[in-house]
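Counting starts at 1 for both ligands and their atoms, following the listed order.
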Amino acid sequence: MHPILAADLSNVDVLLEKTRHHAVQALGTLQDRPAALAPRPFQLKRLPDEARGLQAALDEFTERWSPGFSGSAGPRYLGFVTGGATPASVAGDWLTSVYDQNPTAGIDSSAPDLERETVRQLADLFGIGADHNGVLVSGATMSNFVGLAIGREWLGELRGIRVSDVGVSELGKAHVISGTPHSSIYKALSMLGIGRKAVHKIPTLQSREAVDIAALENALEGLVGESVIVVASAGTVNTVDFDDLIAIAKLKERYTFWLHVDAAFGAFAALSPADAHLTKGLDQADSICIDLHKWLNVPYDSAVQFSKRRDLQTRIFMNASAYLGMPGDNPDFVHLTPENSRRLRAMATWFSLNAYGRAGHAEIVERNIRLARDLGDRIARETRLKLLAPTRLNVVCFTLADNPNEARVNAYAKEIRDLGVVFITTTVHAGTWGLRVAFCNWRTSAADVEMIAASLVTALRFDQVPVATT
Ligand SMILES: Cc1ncc(COP(=O)(O)O)c(C=O)c1O
């Protein structure tokens, strides 16, 4: 063994204690770190030739990299749809690396069963029944990809072919119909050879992002005999609108289609008794996507994918080899997703679910919803801003009252970021440039909302410097 590696091994308790100290410092000062900051110019450093040991790497990281990192795990990073990491999930994540299990195959340890237990606990959390099996993937995009892949295989089954064997060209054209699909749906369809242009956007209800069920039925009527996947949204990114999942599932009695639900973060409405009705019908979907690194507040990267057709799933993702074995009734994870070897990412979720239970996680969700509505009310009262939609759940979608063009909205967003108090991201909603404040973080409090509201007002000074208008 190289002497520096050997020294690190014999000194591992001291070195990990120093790392723990760094971590505790970072967590303890998270609320003081800028929510986000402009990336700094950096100088690429060459690979060191000589070994220096963990202490040197930790020192260099602390000096060169850590100051430029955002407070994305903190209470006021509300851009995109971003969760933090609960204490238990951080501990679970650390131990994932310590044990370094590969849950791919089930012949060498009980690690894969920890993932199976986690998936069942998640199913309970969201009211998903025993008809569905689940597996952990790296994020909602991957979960959507796997769900749509199973849908594609099912379309082949209807035509008596195995797409996984003969290829997508034998399937012919597939149609994907949806009201307000997330951009990751298009990406998944591109990867699946179905193609981005397979998406038919169906009209939504007036001033809503939820699909118009009559229009959806009309589209299904026009596609009888064709290969059809319906992608329903349970929580759109801009306004957190929900398709009527029960009505869509009911259409399956009269039309033939695969029903995939993208519930990346909307599934968590099931934890709030006042909002749980929004997720009714979720478990009637053929495949479901739910992110974990968003509203469950576990570290990246983690999502769960549920489906009712594990047999089709294993056909697609089977990695048939003498050394891995063939998939049986309880297939190893290697046969269920694009990944082969991977980390036991379920540990972070298992720790958080078993530390805080349903009640702990429900409290986060309910508090986030309450805080979002409070901020929405404050924005509605500020005459220089205007809401682009009512605050349905945990995202406030708003814009500048005066001339909200791309340049002005981007200048405002940059000013907000540079103040360092809160980070939010821009969007276009119903053709208008705006901004989204997405509440998902387990730490965010009423005091944070005070600071956020004040910062959104201060940042209106962006207007005092001339900006290009379009
Ligand atoms: C509804 C929805 N689907 C999918 C995604 C993609 O998630 P990920 O970045 O985890 O792949 C997001 C991310 O915001 C989302 O909001």
Side-chain angles (χ1 to χ4, degrees), residues 72-73 77-85 89 122 126 134-149 151 176 178-192 196 199 201 204 208-211 229-243 245 259-270 278-279 282 285 287-306 337-339 342 345-346 348-349 365 368-369 372 389 392-397 423-429 435-441:
S72 70
Y77 184 103
L78 308 183
F80 311 107
V81 185
T82 306
S89 73
L122 285 167
F126 301 115
V135 58
L136 265 72
V137 288
S138 59
T141 300
M142 196 46 78
S143 181
N144 280 330
F145 172 80
V146 173
L148 293 171
V176 178
S178 186
T180 310
H182 186 264
S183 54
S184 59
I185 297 294
Y186 295 86
K187 179 170 177 164
L189 294 171
S190 157
M191 293 191 284
L192 286 164
R196 296 173 196 264
V199 176
K201 289 256 279 176
T204 54
R208 296 272 304 272
E209 290 187 305
V211 75
I229 296 177
V230 172
V231 173
S233 299
T236 55
V237 268
N238 276 348
T239 68
V240 202
D241 213 341
F242 286 71
D243 290 341
L245 302 179
L259 175 56
H260 174 77
V261 179
D262 180 352
F265 66 101
F268 287 82
L278 295 168
T279 64
L282 182 62
S287 53
I288 304 170
C289 151
I290 303 176
D291 230 332
L292 303 173
H293 54 220
K294 292 185 166 59
W295 225 349
L296 194 72
N297 280 271
V298 302
Y300 293 105
D301 43 17
S302 205
V304 62
Q305 188 280 322
F306 288 105
T337 75
E339 288 177 307
R342 62 166 165 98
R345 62 169 67 88
T349 292
V365 169
N368 282 160
I369 295 170
R392 292 203 167 77
L393 208 70
N394 62 325
V395 175
V396 186
C397 190
F423 179 63
I424 63 176
T425 39
T426 59
T427 191
V428 175
H429 176 60
L435 305 104
R436 302 166 50 260
V437 194
F439 287 78
C440 282
N441 191 283

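- Ser184 and His182 form a side-chain donor-acceptor contact under 3.5 Å, judged by distance and modelled atom types alone.
- Considering both main-chain and side-chain atoms, Met142 never comes within under 3.5 Å of ligand 1 through any nitrogen or oxygen pair.
- Taking a cut-off of under 4.0 Å to the non-hydrogen atoms of Gly235, the atoms of ligand 1 that pass are 1 (C).
- Side chains of Trp295 and Asn368: a donor on one and an acceptor on the other come within 3.5 Å.
- Close contacts of ligand 1 with Asp262, meaning ligand atoms under 4.0 Å from a residue heavy atom, involve 1 (C), 2 (C), 3 (N), 4 (C).
- Annotation for ligand 1: atoms under 4.0 Å from non-hydrogen atoms of Asp291 are 7 (O), 8 (P), 10 (O).
- Residue Lys294 places a heavy atom under 4.0 Å from ligand 1.
- Taking a cut-off of under 4.0 Å to the non-hydrogen atoms of His293, the atoms of ligand 1 that pass are 10 (O).
- By the 4.0 Å heavy-atom criterion, Ser184 is counted among the residues contacting ligand 1.
- Looking from atom 11 (O) of ligand 1 to the surrounding protein, the closest heavy atom is Thr141 OG1, 2.6 Å.
- Assignment of Phe265 to the shell around ligand 1 is supported, since a heavy atom sits closer than 4.0 Å.
- A side-chain donor-acceptor contact under 3.5 Å links Thr236 to the backbone of Asp241.
- Side-chain contact between Glu209 and His429 is present, with at least one heavy-atom pair separated by less than 4.5 Å.
- The closest donor-acceptor contact from the side chain of Thr337 to the backbone of Glu339 lies under 3.5 Å.
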Exercise for review: Apply side-chain contact (heavy atoms from CB on, under 4.5 Å) to Leu189 and Val176, showing your working.
Suggested key: CA-CA 9 Å; Leu189 294 171; Val176 178; 3.8 Å; yes
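- Heavy atoms of Ala140 found under 4.0 angstrom from ligand 1 belong to the backbone as well as the side chain.
- Atom 12 (C) of ligand 1 has His182 NE2, 3.2 Å as its closest protein atom, hydrogens excluded (heavy atom only).
- The two atoms that bring Gly235 and Phe265 nearest to each other are O-CE2, 3.8 Å, heavy atoms only.
- At a heavy-atom cutoff of 4.0 Å, ligand 1 is contacted by the side chain of Val237 but not by its backbone.
- By the 4.5 Å heavy-atom criterion applied to side chains, Leu122 and Ile290 are not counted as neighbours.
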